[in-house]
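Structure, as structure tokens:
For the single chain, residues carry numbers from 1 onward in sequence order. We count ligands from 1, going down the list as the structure has it; atoms in each ligand are counted the same way.
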Amino acid sequence: MAQANSPAGGHAVDPARLAPLLSATLADLPAVLLDVCRSIGFAQAGLCEAKATAFGDELDRWLADGQQGSMGWLADHLDARKDPRRLLRGATSMLVVADQYADGTPDQPAADGGRARGRIARYARGRDYHRSIKRRLHALCDTLRLRFPDQQFRAFSDIEPVLEREHAARAGLGWVGKHTLVIHPVSGSYILLGGIVSTLRLDPPAAPRVVADRCGTCTRCIDACPTQAITPYRVNASRCISYLTIEHRGPIDPAMQPAMGDWLFGCDICQEVCPHNQPASRRPREAHEAYAPARDSLDLLEVLGWTPEQRGRELSGTAIKRARLDMLKRNALILAGNRLSQPGAEGLAGLRARIAAIAADAGEPALVRETAGQVLARLASLGR
Ligand code: SF4
Ligand code: SF4
């Protein structure tokens with residue numbers, strides 16, 4: 001999962017902004033590269049040596065404990081994940097960048113308006129970050145290859161086996177908080193990471209100022225997590241709502257369902273409560289325009305009625321497409337159950353009827369029917 005963040009959303013990168021990379025002296029190149037990164041929209045950028053992780057044993061223990069849930073792919077390419085020099089042979093340096101996707105403006109729960117809605121995590125409310133980050137990273141790589149045809153450059157963002165948060169911290173982009181996300185002193189943690197592994201030596205213009213851990217005695221994220229997924233500096237992904245709603249493809253344990261609240265895709269709670277994301281405590285850059293929210297929530301009844309074509313149309317170009325239709329319907333059913341189990345749900349009889357219809361519809365996927373049955377059983381046990 002990302003931190004999980006065209007100079008402009010859907011547009012090509014302006015070549016004029018990349019041109020300084022072709023003319024800078026070798027001595028000036030690292031500083032010029034960081035300037036170029038900021039000019040093409042990255043909120044933060046830093047450089048560090050390409051070297052093995054210091055947390056290899058911790059990663060092994062986390063995997064051995066099964067905390068990755070069904071994300072078996074996290075154990076794939078483990079050698080490369082532990083050492084970027086296995087991802088790119090001969091790598092010496094790493095550029096790490098961050099896109100600001102939200103400021104700390106308090107978020108409101110999805111407006112009900114008589115219709116139950118499911119919230120979307122902030123990073124997924126605009127265009128798909130994979131595209132917007134990769135487009136600029138590839139433009140940087142192409143320009144550097146023009147200048148240094150004998151060197152190799154490989155872009156990464158979320159999908160590649162790279163421990164982005166650790167490298168970001170080493171490149172001076174912040175510290176890894178107790179919720180395991182990188183927190184920049186100005187940008188906070190609403191940032192998405194990416195970067196480039198390079199065989200070209202790119203020493204930081206000044207030794208990267210590693211940002212000291214400022215979590216101190218704070219435990220707000222740990223206390224606020226509705227599923228108790230966080231212990232200091234460790235998240236049990238198999239209990240995390242982001243994992244359950246986005247990555248997990250099977251049924252969700254009924255015992256976990258009430259804690260999902262109204263989160264349809266992802267969860268921001270541990271970031272919302274963090275003091276380093278409060279607007280009063282810092283002046284973050286404006287969120288990159290690629291992440292301008294198109295929607296902050298979806299109507300549950302609509303999602304439950306989607307065909308594959310409607311899902312494709314509604315979610316085109318967004319990161320929400322990562323969740324298959326049966327997963328989105330599973331999530332929507334659970335949220336419908338959560339809403340119906342609360343007081344004031346008398347006007348939602350249509351939603352209740354829809355759950356019952358889905359449970360009895362042999363044409364629905366097994367995951368969706370099974371979840372509908374679980375939700376009906378929970379509502380019955382509550383006398384609703
Ligand atoms: S995203 Fe939500 S469920 Fe996951 S660790 Fe943070 S608060 Fe807990
Ligand atoms: S909420 Fe507190 S403990 Fe958690 S990451 Fe933020 S500062 Fe650290």
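Distances under 2.8 Å from atom 2 (Fe) of ligand 2 pick out the protein N/O/S atoms C218 SG.
Protein heavy atom in closest approach to atom 3 (S) of ligand 1: I241 N, 3.2 Å. In terms of protein heavy-atom proximity, atom 2 (Fe) of ligand 1 is nearest to C267 SG, 2.3 Å. Shortest contact from atom 7 (S) of ligand 1 to any protein heavy atom: C270 N, 3.4 Å.
By the rule that hydrophobic residues join a cluster once side-chain heavy atoms approach within less than 4.5 Å of another member, I120 and M327 end up as members of separate clusters. Both L301 and L333 are members of a single hydrophobic cluster when ILVMFWY side chains are connected at heavy-atom separations under 4.5 Å.
Open room surrounds CZ on R201; 12 or fewer heavy atoms of other groups in view lie less than 6.0 Å from it. The 12-atom threshold is not exceeded at NZ of K51, counting heavy atoms of other residues, nucleotides or ligands nearer than 6.0 Å.
With hydrogens and angles disregarded, a donor-acceptor distance shorter than 3.5 Å links the side chain of N277 to the backbone of S189.
Close contacts of ligand 1 with T227, meaning ligand atoms under 4.0 Å from a residue heavy atom, involve 3 (S). With ligand atoms numbered from 1 in the order given, ligand 1 contributes 3 (S), 5 (S), 7 (S), 8 (Fe) to contacts under 4.0 Å with heavy atoms of C225. Atom numbering of ligand 1 starts at 1 in the shown order; those under 4.0 Å from a heavy atom of S242 are 1 (S). Proximity to I183 (heavy-atom distance under 4.0 Å) selects the following atoms of ligand 2: 5 (S).
Here the two rings, on Y129 and Y291, have centers that are 6.0 Å apart or farther.
Remark: distances from the non-hydrogen atoms of I230 to ligand 2 are all 4.0 Å or more.
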Margin query: Please determine whether side chain to side chain donor-acceptor pair (under 3.5 Å) holds for the pair R165 and T180, giving the CA-CA distance in whole Å, both sets of side-chain angles, and the decisive distance to 0.1 Å.
Written below: CA-CA 8 Å; R165 298 171 194 177; T180 74; 3.2 Å; yes

Next item on the list: In sequence, state the C-alpha distance, the side-chain angles, and the governing distance for E272 and R119, and then conclude on salt bridge (Lys or Arg N to Asp or Glu O under 4.0 Å).
Entry: CA-CA 14 Å; E272 286 176 345; R119 285 168 95 182; 3.3 Å; yes

Notebook entry, point to check: side-chain contact (heavy atoms from CB on, under 4.5 Å) between L304 and I358: does it pass, once the steps are laid out?
Noted result: CA-CA 9 Å; L304 291 174; I358 289 172; 3.9 Å; yes

Next item on the list: Decide salt bridge (Lys or Arg N to Asp or Glu O under 4.0 Å) for R322 and E247; before the verdict, give the C-alpha distance in whole Å, the side-chain angles of both, and the deciding distance to 0.1 Å.
Entry: CA-CA 8 Å; R322 183 168 180 83; E247 305 290 346; 3.0 Å; yes

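Backbone or side-chain N, O or S atoms of C240 do not reach atom 2 (Fe) of ligand 1 at under 2.8 Å.
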